[in-house]
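Comments concern the structure below.
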Amino acid sequence: MSVNWTQQDKNGRQVTRRNEFKTPTLDTMAAEGMQLRRHYSAAPVCAPARASLLLGVHQGHSRVVRNNTFDYPIENSHTLGTLLKSAGYHTAAIGKWGVGGGGQSGKALTAAPHMRGFDYFYGIIKHLAGHYHYLTAGSQDIYEYNDQAAAPAWESVSAKVPGTAYDTDLFGARAKQWIVDHHEKTPSRPFFLYLAFPAPHGSLSAPACAYPAGLGRDGGLQWEKKDGYEACNTAADGWSGVEGIFLRIPISTRNMRFLEERNPATPR
């Protein structure tokens, strides 16, 4: 998997400067995993791009399209989640959803992640919540669903997240901990994690603290429970940040990871 800005003219944007960013961790993931060299985003904005990715259809066959159908529920059809779940994978969606209904769509919430093949979800449902990188400080709702709980239920966890939790750190730490927990409980079972980071999006807020030292399972970003909160270790004074989230976690490279590219200059 590579990040290649020289190809952006394919989405109608002319970019002449070559990529000058160093991405050693992504390079390692690409070398050890699957590289999708001929795949392009189906749309230049978030909701239709995610809808096409989840459903495996181009925009001509999707009802979530470019003309501002934010929060519109995706079809009740096969998704990456349902297909991999039927193949025996443990499936999780973490981060921004935005294709389930409710919010700006004027529709009921009829396509939440657990209704479209995902055993676990942690994140935000509404499109506009992705414009607040400090979610609970902006009074945005965060939800969790776990079908392996004793009594699975759709639960608001906003009260557990401090206003100082940066959304990318929050979702990165939750994803890392979910992978670790999965490996400890069922190391032989494959998993699929759909990780949709909101940033960069809407207001371009940056994290307020430095990244922490270290890599892998015990370094960098961590999921912590303290002071009545459950969040990333960057969320309070004295906590640190994130680097090398997935490097050295002992998992199979057959578990695919997708990165969604977003253009911060796209009008909203």
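The structure presented is a predicted model; accordingly, all values stated were derived computationally and were not measured. Just so you know, residue 1 is the first one in the sequence shown, and it goes up from there.
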Does I74 belong to the same Ile/Leu/Val/Met/Phe/Trp/Tyr cluster as M115, with side-chain heavy atoms less than 4.5 Å apart forming each link? no
Ignoring hydrogens and geometry, is there a side-chain-to-backbone donor-acceptor pair from T186 to S188 under 3.5 Å? no
Give, for atom CH2 of W154 and atom OH of Y145, the distance between the pair rounded to the nearest 0.5 Å. 9.0 Å
Quick one: pull up CE in M29 and CD in Q35 and give me the separation to the nearest 0.5 Å. 11.0 Å
side-chain hydrogen bond (donor to acceptor under 3.5 Å, both in side chains) with T136: which residues, sequence neighbours excluded? none
Sequence-distant partners of A92, side chain to side chain contact (heavy atoms under 4.5 Å, CB included), two or more places apart: Y120, W178, L193
Do we see a donor-acceptor contact under 3.5 Å between the side chains of D167 and H133? yes
I'd like to know if the side chain of K176 reaches the main chain of G216, judged simply by a donor and an acceptor atom lying under 3.5 Å from each other, with no hydrogens or angles considered. yes
Do the non-hydrogen side-chain atoms of S139 and Y132 ever get within less than 4.5 Å of each other? no
Please tell me if the side chains of I142 and Y122 come closer than 4.5 Å, counting only heavy atoms from C-beta onward. yes
Quick one: side-chain hydrogen bond (donor to acceptor under 3.5 Å, both in side chains) partners of T110, sequence neighbours excluded? none
Are L109 and W97 joined in one hydrophobic group, where the rule is that I, L, V, M, F, W and Y side chains link up if heavy atoms are under 4.5 Å apart? yes
For D147, is there any backbone N or O sitting under 3.5 Å from a side-chain donor or acceptor partner on D119? no
Compare all side-chain heavy atoms of H131 with those of Q140 and state whether any distance is below 4.5 angstrom. no
Minimum heavy-atom separation for G130 and P198, please, with both atom names. O-CB, 3.9 Å
Please check if the side chain of T82 supplies one atom and the backbone of T79 the other of a donor-acceptor pair under 3.5 Å. yes
With side chains defined as the heavy atoms from C-beta onward, is the minimum distance between R116 and L54 less than 4.5 Å? no
Side-chain heavy-atom pair F191, I179 within 4.5 angstrom cut-off: yes
Using a 4.5 Å cut-off on heavy atoms from C-beta on, say whether the side chain of L135 contacts that of V161. no
Contacts of S105 that satisfy side-chain hydrogen bond (donor to acceptor under 3.5 Å, both in side chains) - sequence neighbours left out: none
Under a 4.5 Å side-chain heavy-atom rule over Ile, Leu, Val, Met, Phe, Trp and Tyr, are I94 and V157 clustered together? yes
Min side-chain heavy-atom separation D141-I125 under 4.5 Å: no
Interatomic distance, CZ@R63 vs OH@Y72, rounded to 0.5 Å, equals 5.0 Å
ring-ring contact (aromatic ring centres under 6.0 Å, His included) involving H58 - partner list, sequence neighbours excluded: H61
Given a cutoff of under 4.5 Å between side-chain heavy atoms of I, L, V, M, F, W and Y, with clusters grown through shared members, what are the other residues clustered with Y134? Y166
Excluding sequence neighbours, so at least two apart, what forms salt bridge (charged side-chain N to carboxylate O under 4.0 Å, His left out) with K126? none
Counting only N and O atoms by type, is there a donor-acceptor contact under 3.5 Å from the side chain of K107 to the main-chain atoms of P73? no
Partners meeting side chain to side chain contact (heavy atoms under 4.5 Å, CB included) with Q148 (sequence neighbours left out): H90, N146, R189
Quick check against the 3.5 Å criterion: does R174 have a side-chain atom that pairs as donor or acceptor with the backbone of W223? no
Test your reading of the model: is there a side-chain donor-acceptor pair from E230 to the backbone of E224, 3.5 Å cut-off? no
Please name all residues satisfying side chain to side chain contact (heavy atoms under 4.5 Å, CB included) with S156, sequence neighbours left out, ordered by chain then number. Y143, S158
S77: which residues meet the side chain to side chain contact (heavy atoms under 4.5 Å, CB included) condition with it, sequence neighbours left out? L55, E75
NE2 on H78 to NZ on K85, rounded to 0.5 Å: 13.5 Å
L53 versus Y194: any side-chain heavy-atom pair under 4.5 Å? yes
Shortest non-hydrogen contact from P113 toward F121: CG-CD1, 3.4 Å
Under the salt bridge (charged side-chain N to carboxylate O under 4.0 Å, His left out) test, which residues partner K160, sequence neighbours left out? E155
Measure from the side-chain N and O atoms of D169 to the backbone N and O of C232, and report whether any donor-acceptor pair falls under 3.5 Å. no
Taking G117's backbone N and O only, do any of them form a donor-acceptor pair with T91's side chain (distance below 3.5 Å, no angle check)? yes
For F171 against L195, the heavy-atom pair lying closest together: O-CD1, 4.0 Å
Of all residues at least two apart in sequence or in a different chain, which pass the side-chain hydrogen bond (donor to acceptor under 3.5 Å, both in side chains) check with Q177? D181
Do you reckon V57 sits in the same ILVMFWY cluster as V99, going by side-chain contacts under 4.5 Å, direct or chained? yes
